[in-house]
Structure formats: structure tokens, C-alpha cells
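This report concerns only the one structure given below.
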Amino acid sequence: MSLRTGTAHKVVARNPIVEMDGDEMTRVIWAMVKQQLIEPFVELKLEPYDLFLPNRDRTDDAVTLQAAEAIKRHGVGVKCATITPDANRVKEYDLKKAWPSPNGTIRAILDGTVFRKPIIVRNVPPMVRSWQKPIVIGRHAYGDVYRDVEMKIPGPGRVEMTYTPAAGGTPQTVVVHDFKGPGVVKGEHNTEKSIRSFARACIRYALGEKLDLWFAAKDTISKTYHAAFKEIFREEVDTRRADFEKAGLTYQYLLIDDAVARVMRHPGGFLWACRNYDGDIFSDMLASGFGSLGLMTSVLVSPDGHFEYEAAHGTVQRHYYQHQKGEPTSTNSTATIFAWTGALAKRGELDDTPELVAFARALEESVIETIESGIVTKDLAAIAQPPIAKHVSTEGFINAIGERLTHKVGAGLALL
Ligand code: NAP
Ligand code: MG
């Protein structure tokens, strides 16, 4: 394959993108995508942070914090999947300790909301017949059952919940339950600040991507807790009401069970803002309903307008072990490529560089056209319609995209 590095005019990115390399099979893919699909066409200003597990260990995880701070400075980052070490990984990589999830660390520093969006290709139809356009999930990533306290109740007795004002004053107490026998109890919380910034991130994303916005909870039952979410969301939408109207977009609040029923017969093309637990559950439902993890992208949007793009899947460990043994692999690089195109397009948009946005779209089209022409990795070959008997290798897929992209850029179709 020959990429016309010398002849094609390179698009220049004006400002830096924070690049976070990662682990295992996605690290292998990362290098190929960068070398073959990005660098021959774009003059990048990358600020690299290597989140490769041994490097996180060597720097006592300082590199992850530095990467997050860099995203705050430059506004746009692109991240490769990384290992979140458990006991096995501590042994495998001889680590000082089981470092925390880089995604968790970065999310805590940027205070962001994660949006997951499926990539739709014609020959991989969603399992749900009505879905024609992506359904994007925005998941609130703080509190509720993920930060609860729980207690086993051994026998009869009263459980109460008390608020003691820090500023002094009379404490408030409610009775949770008068137990007549053994049982269980839990206390959940959330903060107005976190709910508000979640609502703002969803509104920003919906307006940016031109999507209608849904938010759902169960305020008919949870008249204070869920009602607070509904109320705060409504207040935040009200401050942007004019922008919604100008863009011809709508916001609607639904009861969560009604939302679920409607999602199953909706053509898609909207953002579904989910409370933490709902987002956990429904993002997995949508990922499997839309096809393959290799087609699911993810972006962290902070309330201050910082963006971090990545694939929703992990490091594809099983494929990496095959790769290490010298066996052929067929790993889908689509979501990783779309992480790059997301970051490039956002950089172009923020810097007012339409050529960069056009290049990102040309690369996305090249990927989609490659898949729709029947050149696919193993995960898609199995679920494509009509079925595809022969899949290509990890390298073969990227090469095919590269050829298509070179042709597109060479012909000046997208960039002029
Ligand atoms: P995974 O890497 O998402 O892979 C799970 C399985 O899904 C794979 O074995 C493969 O199935 C399929 N798959 C995922 N991505 C694919 C792709 N691009 N192309 C083809 N098939 C794909 O999850 P995991 O194996 O549970 O986790 C591995 C490591 O990733 C863990 O150390 C975890 O900590 C980390 N992780 C990181 C992130 C992140 O950085 N955002 C997210 C999740 C997990 P088959 O084996 O059947 O082919
Ligand atoms: Mg889940």
C-alpha cells in the first residue's frame, strides 16, 4: 500500500491534541491508525502522555493526572483503551500496586459526563428493527447506588436517617423503617452541583450534535429524590430554551418505564440522559442492540467544555495474547479510529479549521464505506446482513481504509 505522503497537501491542526496511548491490542492498533490514517494527512501538534500500564507504574500514576490536566489546558484529548489493574494484572506486570482506573481518575478531574454513541453501518442492522439512527446515552457518573451505604438489619428495631446541619440548628430525622424482623437498608445521596453539571453537559452535547434530549426518572414514586433531578434538569434546560428553539430541538422529561418502552420503537437520533444506574444498564443494552463493541464510541464532556474521545471497548486482551504468540488477529479498529476523528473534528471546530473537520469526516466515510463494501473484521462478519464469509485481519482492515482514504484525499473530494 502506498500513501501519498509527499504529494497530498497536509491539513494543519492549529492547536494541540492531548494523546493518551494505552495497552495491549488497542496499543497495537493505536500505532497503526496513527501511522497509516492520521500522520500522512495531518500535521498534528500532539501532547503525548503514555498511559501504558508499566509507565503508570513507573510514574506512580502521575502520568494519568498530568494527562487530565493537559486536557483541561488544551480542551481536546484522545485516549487509547487502558488496563484497569486487578490482582492478576499486578502479578502479570509486576506492579507496585493496583493503580486506579485511568478513566475514573480523568473523569474525577474533569468532572465530566460520558456519552456513548454507536456507529451505524448499513450492512450491520441493529437487533431492534425500528432503530435507524444512533441513540446516544449520557450517563451521570456520580452518586446514587454507586456511593451508597448499606446495612444488614439482624432483627427487630428502628432505622432512622438524620441530617445534622454543619452551621448548627435543629437536626432533621426521618424513620426509614420499623423492622419487625431481619432485613436490609441503604442510604443513597447525590449533590445538586453534580446533577446540575450533568444536566449542563447533556444540554451542551445535545445542542452541539443537534439531537433532541430526553431525561427520564421515576418522580411519581420518588417524590423528593428523583423529583430533584427532574427539577434541576428543567431549570438548566430553561436557561438554554432559546438555543433549543433556534436549533429546532426539543427536551422532554419522561417516566423511566415510559422511556424504555418508547426507545424500543423509536427510529433513534436523540440523546437519552440517564441517571447513573439507568445509564449503566441501558448503555450495555444499546451496545449489544446496535451490534458490536467495536462500533461503540465514547466521549467525556466536562461542564467547562473539555472533550476526551475514546472507544467504548477495553484493550481486547484475548486478541492481544494471540498477537503476542504471532497468531493472526481480526480486531475491529473502527471505534478507535472514530475516537481520533472525534478529537480531530472537535479541534477543527474549536480552532475554526474546517479542513480538519472535513478530513475527519472523510476518514469516517472511508471506514463506513470499507465496512459496507464487505471488508470487515471477524466480529462484524458474524453479524453482517448479508453474512460475510471471509473476514480480514486487523492490519488488512486498516490497510483497506487507508487505500480508500488516500484515494478520497488524493481526488480532493473531501478537503477542497
Ligand atoms: P474488552 O477489551 O472490551 O473485550 C471484551 C471482548 O469483546 C473481546 O474479547 C472481544 O470478543 C470483544 N471486543 C471488544 N472490542 C473489540 C474490537 N475492537 N474488535 C473485536 N472484538 C472486540 O473487555 P475485557 O476483555 O473485559 O477487558 C480487557 C481490559 O480492558 C481490562 O484490563 C479492562 O480493565 C480494560 N478496559 C478498559 C476500558 C477503557 O480503557 N475504556 C474499558 C473496558 C475495559 P472476542 O474475544 O469474543 O473476540
Ligand atoms: Mg454496565
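Keep in mind that this is a model prediction, so the values were computed, not measured. Note that ligands are numbered from 1 as they come in the structure, with each ligand's atoms numbered from 1 the same way.
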Just checking, is any N or O donor in the side chain of Tyr225 or His189 under 3.5 Å from an acceptor N or O on the other one?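 Result is no, nothing qualifies.
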Run through Trp340, Tyr49, Trp30 and flag the one making a side-chain hydrogen bond (donor to acceptor under 3.5 Å, both in side chains) with Glu19.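 When side-chain hydrogen bond (donor to acceptor under 3.5 Å, both in side chains) is applied between Glu19 and each of Trp340, Tyr49, Trp30, only Trp30 qualifies.
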Lys/Arg N to Asp/Glu carboxylate O, [X] vs [Y], below 4.0 Å:
X	Y	value
Glu372	Arg122	yes
Arg241	Asp238	yes
Asp257	Lys218	yes
Arg56	Asp23	yes

CA sep, side-chain torsions, deciding dist, call: Asp50, Arg27, side-chain contact (heavy atoms from CB on, under 4.5 Å): CA-CA 10 Å; Asp50 196 349; Arg27 186 179 183 88; 2.9 Å; yes
If the test is salt bridge (charged side-chain N to carboxylate O under 4.0 Å, His left out), which one of Glu364, Glu369, Glu403 qualifies with Lys408?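 One option only clears the test, and that one is Glu369.
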Of Arg116, Lys79, Arg107, which meets salt bridge (charged side-chain N to carboxylate O under 4.0 Å, His left out) against Glu310?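 Looking at Arg116, Lys79, Arg107, the match for Glu310 under the salt bridge (charged side-chain N to carboxylate O under 4.0 Å, His left out) is Lys79.
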Applying a 4.0 Å heavy-atom criterion (strictly less than), which segment of Arg318 is in contact with ligand 1: side chain, backbone, both, or neither?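 The answer is the side chain of Arg318.
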Applying a heavy-atom cut-off of 4.0 Å, say which part of Asp379 lies close to ligand 1: side chain, backbone, both or neither.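 Asp379 to ligand 1: side-chain contact only, backbone stays beyond 4.0 Å.
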Yes or no, since that's all I need: does a protein heavy atom fall within a distance strictly under 4.0 Å of [atom]?
atom	answer
atom 5 (C) of ligand 1	no
atom 26 (O) of ligand 1	no
atom 12 (C) of ligand 1	no

Geometric cation-pi criterion, Arg234 with Tyr253: 6.0 Å, 45°: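 Geometry flag: not set, cation outside 6.0 Å or 45°.
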Note the single closest protein heavy atom to [atom], along with its residue, its atom name and the distance in Å.
atom	value
atom 28 (C) of ligand 1	Thr315 OG1, 3.4 Å
atom 35 (C) of ligand 1	Thr82 O, 3.4 Å
atom 31 (C) of ligand 1	Arg89 NH2, 3.9 Å
atom 34 (O) of ligand 1	Thr84 N, 3.0 Å
atom 18 (N) of ligand 1	Asn332 O, 2.8 Å
atom 8 (C) of ligand 1	Val316 CG1, 3.9 Å
atom 7 (O) of ligand 1	Leu293 CD1, 4.0 Å

Atom CG of Asp219 and atom CD of Glu231: how far apart are they, to the nearest 0.5 Å?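 Going from the CG atom of Asp219 to the CD atom of Glu231 covers 10.0 Å.
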Are any of the heavy atoms in Met25 under 4.0 Å away from ligand 1?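 Judged by the 4.0 Å heavy-atom criterion, Met25 does not count as contacting ligand 1.
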If we only consider heavy atoms of His319, is any one of them less than 4.0 Å away from an atom in ligand 1?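 So His319 counts as touching ligand 1.
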Atoms in ligand 1 flagged as close to [X], the criterion being non-hydrogen separation under 4.0 Å:
X	value
Ala81	40 (O)
Lys79	40 (O)
Glu310	41 (N)
Gly314	1 (P), 2 (O), 3 (O), 30 (O), 36 (N), 37 (C), 38 (C), 42 (C), 43 (C), 44 (C)

Heavy atoms only: which of Asn103, Thr331, Val114 lies closest to atom 39 (C) of ligand 1?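 Shortest heavy-atom distance from atom 39 (C) of ligand 1: Asn103.
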Candidate with minimal heavy-atom separation from atom 15 (N) of ligand 1, of His313, Gln317, Glu24: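 Checking each option, the heavy atom nearest atom 15 (N) of ligand 1 is found in His313.
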Under the ring-ring contact (aromatic ring centres under 6.0 Å, His included) rule, collect the residues that match up with Phe179, sequence neighbours excluded.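 Result, ring-ring contact (aromatic ring centres under 6.0 Å, His included) vs Phe179: His177.
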